Amino acid sequence: MASSTISPPSASFIVKKKELGRSAFSSSSSPSPFSVPKCNKSAAKKIVSAMAPQQAERMPATTGSVKTAMTLTEKIFARASEKPQLSPGDNVWVNVDTLMTHDISGPGSIGIFKREFGPDAKVWDREKVVIIPDHYIFTADKLANRNVDILRDFCNDQNIKYFYDIKDLGNFKANPDYKGVCHVALAQEGHCRPGEVLLGTDSHTCTAGAFGQFATGIGNTDAGFVLGTGKLLLKVPPTLKFIMDGEMPDYLLAKDLILQIIGEISVAGATYKSMEFAGTTVESLTMEERMTLCNMVIEAGGKNGVVPADSTTFKYLEDKTTIPYEPVYSDAQARFLTEYRFDITKLEPLVAKPHSPDNRALARECKDVKIDRVYIGSCTGGKTEDFMAVAKVFLASGKKVKVPTFLVPATRKVWMDLYTLPVPGSGGKTCSQIFEEAGCDTPASPTCGACMGGPRDTYARMNKAVVSQFFLYRPAYLSNTLFHLHIVCSWSWLEALEHSLW
Amino acid sequence: MAVCRSTTAISLSRNPNFSTTNPKPSLSFLSPPCLKLPSILPSFKPLTSQSPPDQRLSIPRATAADSATPTTTSTTFFHGHCYVVGDNIDTDQIIPAEYLTLVPSKPDEYEKLGSYALIGLPATYKTRFIEANQTKTKYSIVIGGENFGCGSSREHAPVALGAAGVAAVVAESYARIFFRNSVATGEIYPLESEVRICEECKTGDLITIELMESKLINHTSGKEYKLKPIGDAGPVIEAGGIFAYARKTGMIPSQAP
């Protein structure tokens with residue numbers, strides 16, 4: 001395979017390295033808890049060979065005391081299943097640290113829990129269940145409203161510690177506990193901790209892997225089982241490693257990175273596998289950017305995604321959790337299924353065109369695409385930093401939008417940030433002021449909103465198929481009945497689309 | 001050591017063009033256990049009442065509406081007409097999000113979910129999965145391509161298929177959470193084919209699936225196909241599901257009365 005030194009500008013800045021034996025990456029061995037691991041900085045700038053040289057297998061010591069190296073995900077599984085050693089393919093019972101559910105899957109999970117453990121059964125740990133209504137909230141749909149009531153009744157019966165309730169639908173701020181989008185709320189409320197196992201009844205639960213923990217989505221039946229036992233039977237996944245090096249240009253966001261990867265490996269490229277993100281670029285990402293990266297692991301079919309915890313992680317968690325945690329890291333000799341290397345400085349803004357998140361294209365190749373509406377929100381694209389990036393583009397342009405532009409902050413905290421945080425370079429303006437001047441819709445109540453469609457009266461929902469493009473700032477489930485055609489990309493793409501949007 | 005080795009032939013990235021077709025890297029894995037999830041599974045139901053040509057097994061059907069953990073059944077074959085779909089059928093096509101206000105563990109809402117199964121398929125599918133004014137499907141077997149059930153983790157997806165009357169799905173490959181949910185709920189038996197039978201079977205073909213022999217017979221075309229063994233999900237299915245498996249292995253006590 002070609003080394004990346006001879007790659008033409010438009011082609012391979014990605015070097016795939018096949019792992020046939022041990023990893024050739026000589027990162028330092030696992031550090032003690034709370035210390036930051038050294039990264040493989042020396043190898044980062046060098047061009048590596050595409051194929052690892054075949055190394056002789058080291059035979060295990062006869063005493064049996066030698067442990068085989070494990071990846072970060074394998075280590076989490078080992079600790080959670082109380083085993084000193086395990087390998088990809090092993091089926092183990094893991095102890096669950098946190099179970100999250102919401103208004104879509106919560107009622108069903110509760111139903112199964114009661115059916116299997118009895119109507120008077122108690123959950124395994126009232127402090128480890130986090131219930132976050134977020135999907136179909138601001139609606140008059142009776143079933144949707146009822147589902148939040150079911151959650152409330154259960155939380156009252158079980159004395160669930162963390163229930164981010166909402167009763168007053170007309171004014172989200174009147175509800176002291178309501179947060180919004182579950183995956184962002186989990187992070188902001190300090191429920192994500194390195195080294196732990198977090199399961200959620202939502203496919204984007206993988207977002208929490210940004211904190212160096214094992215986080216994945218499960219269904220109602222599994223959740224019902226966890227509610228009663230605090231355990232689940234899981235299979236240890238092998239790990240794909242994605243090493244991204246180079247300084248992040250200001251026209252790229254984490255979304256571009258993950259779209260690059262998904263376009264590379266396809267929507268089933270990581271099925272049943274763990275995706276581990278490493279490299280200097282990853283280390284330079286903020287927690288929200290790391291969450292964007294891990295959020296779309298499921299779009300590649302991945303079981304979970306992880307970013308090793310470091311000082312950025314610890315700093316973020318300082319004021320959010322007092323529960324002690326112990327990060328783990330991939331051993332130097334850990335085996336990865338495949339390794340991919342990316343030189344970020346060679347990347348361009350990307351989009352995912354209809355109808356699949358792996359239908360990757362360069363943003364500049366889509367600059368003649370006509371846009372009908374813009375929606376900014378969701379667990380992947382509705383965080384504070386996402387809106388900040390949007391505000392900067394509007395600021396630079398100075399013009400008003402030509403198409404309806406819907407803004408749905410993910411959580412109450414994000415909503416507050418839009419109205420309070422100054423945007424750098426704006427002379428003290430807030431995001432909300434910039435959005436208003438640009439002619440956007442007023443930021444809506446925090447929720448998943450129209451991302452998954454929702455009941456007919458959901459804000460910004462499209463209720464008929466539209467032939468022209470609908471720009472969506474996240475890869476929603478591509479429902480052809482709701483969003484006839486849409487494009488997914490990071491906000492930086494709009495810089496390439498100026499003449500179309502303004 | 002069961003480390004999966006990828007023999008992928010993913011090429012280095014090229015400039016994507018405007019084509020809307022998805023690039024398909026040719027991934028080949030060593031063996032099914034690398035792909036499969038083991039988990040959960042109460043007994044599988046036989047075919048429910050269908051139009052006359054379909055045969056049904058007289059095995060008690062385990063559904064989400066049952067009040068007790070299903071007992072192990074001895075499903076040995078499925079027989080009925082198939083409905084053929086393509087690759088990457090996502091959960092939003094199987095059960096669109098607007099129907100997710102329905103709670104699968106409530107019997108009447110379970111039935112409603114079934115009536116909406118595969119209603120999200122595009123209009124290019126000329127034959128509808130469930131005919132107008134019907135709540136159940138004529139097709140007890142769904143044949144799919146790659147990555148069946150991708151998208152969201154909604155358990156409503158295999159539940160909707162099961163509630164509609166699907167007994168088994170035969171796909172080239174599955175998305176992980178959907179496979180796991182199928183095994184967990186027992187609503188549909190998720191089988192994998194060795195070749196792309198979605199290109200060789202047509203909607204309406206009469207099919208027999210013989211589980212013991214891992215074989216699919218298309219009576220309409222006269223062809224037979226080998227299916228992959230169920231793999232790690234086997235012991236859990238044998239036990240009668242994750243709850244039964246856990247009780248059998250002493251992980252949780254016997255069910256509360």
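Per chain, numbering begins at 1; letters A, B, ... match sequence-line order. In this text the structure is predicted, and so the values were computed from the model without any measurement.
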Evaluate the criterion side chain to side chain contact (heavy atoms under 4.5 Å, CB included) for residue pair A:Leu234 and B:Arg180; output intermediate values, then yes/no. CA-CA 10 Å; A:Leu234 288 172; B:Arg180 198 183 164 95; 3.5 Å; yes

Check whether [X] gets within reach of chain B through its side chain, its backbone, both or neither, counting any heavy atom under 4.5 Å.
| X | answer |
| --- | --- |
| A:Asn147 | side chain |
| A:Ile150 | side chain |
| A:Asp120 | neither |

Could you pull out all residues at least two apart from B:Phe129 that satisfy ring-ring contact (aromatic ring centres under 6.0 Å, His included)?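 Expected list: B:Tyr83.
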
With sequence neighbours excluded, residues passing ring-ring contact (aromatic ring centres under 6.0 Å, His included) with A:Phe225: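 Expected list: A:Trp93, B:Phe243.
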
For side chain to side chain contact (heavy atoms under 4.5 Å, CB included), just list the numbers for A:Ile104 and B:His156, CA-CA rounded to whole Å, side-chain angles, deciding distance to a tenth of an Å, and then say yes or no. CA-CA 10 Å; A:Ile104 296 295; B:His156 309 65; 4.0 Å; yes

Minimum side-chain heavy-atom gap A:Asp202-B:Arg154 below 4.5 Å: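 Of all side-chain heavy-atom pairs linking B:Arg154 with A:Asp202, none is under 4.5 Å.
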
For A:Ile298 and B:Ile177, what are the C-alpha separation, side-chain angles and deciding distance, and is it a side chain to side chain contact (heavy atoms under 4.5 Å, CB included)? CA-CA 10 Å; A:Ile298 185 62; B:Ile177 306 178; 4.0 Å; yes

Please confirm whether the backbone N or O of B:Ser152 pairs with a side-chain atom of A:Ser203, one donor and one acceptor, at under 3.5 Å?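 Pair absent, no side-chain N/O of A:Ser203 close to backbone of B:Ser152.
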
Under 3.5 Å: donor-acceptor pair, side chain of A:Asp222, backbone of B:Ala184: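 No; judged by distance alone, with no hydrogens or angles, the pair does not exist.
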
So, B:Glu155 versus A:Thr221: side-chain donor-acceptor pair below 3.5 Å or not?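 The criterion, which ignores hydrogens and geometry beyond distance, is satisfied for A:Thr221 and B:Glu155.
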
For a quick check under 3.5 Å, do A:Thr216 and B:Arg176 share a side-chain donor-acceptor pair by atom type?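 Result is yes, a qualifying pair exists.
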
Exercise: identify the closest heavy-atom pair between B:Pro104 and A:Gly108: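 Reported closest heavy-atom pair: CD-CA, 4.5 Å.
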
Nearest heavy-atom neighbours spanning B:Glu109 and A:Leu143: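 B:Glu109 and A:Leu143 have their closest heavy atoms at OE2-CD2, 4.2 Å.
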
Distance check, rounded to the nearest 0.5 Å: [X] atom [atom1] versus [Y] atom [atom2]?
| X | Y | atom1 | atom2 | value |
| --- | --- | --- | --- | --- |
| B:Gln93 | A:His355 | CD | NE2 | 10.0 Å |
| B:Thr101 | A:Asp103 | OG1 | CG | 10.0 Å |
| B:Asn88 | A:Ser266 | CG | OG | 7.5 Å |
| B:Ile252 | A:Lys231 | CD1 | NZ | 11.5 Å |
| B:Phe179 | A:Tyr272 | CZ | OH | 5.0 Å |

Side chain, backbone, both or neither of B:Tyr174 within contact of chain A (heavy atoms, under 4.5 Å):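 Answer is backbone: N, CA, C or O of B:Tyr174 sit under 4.5 Å from chain A.
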
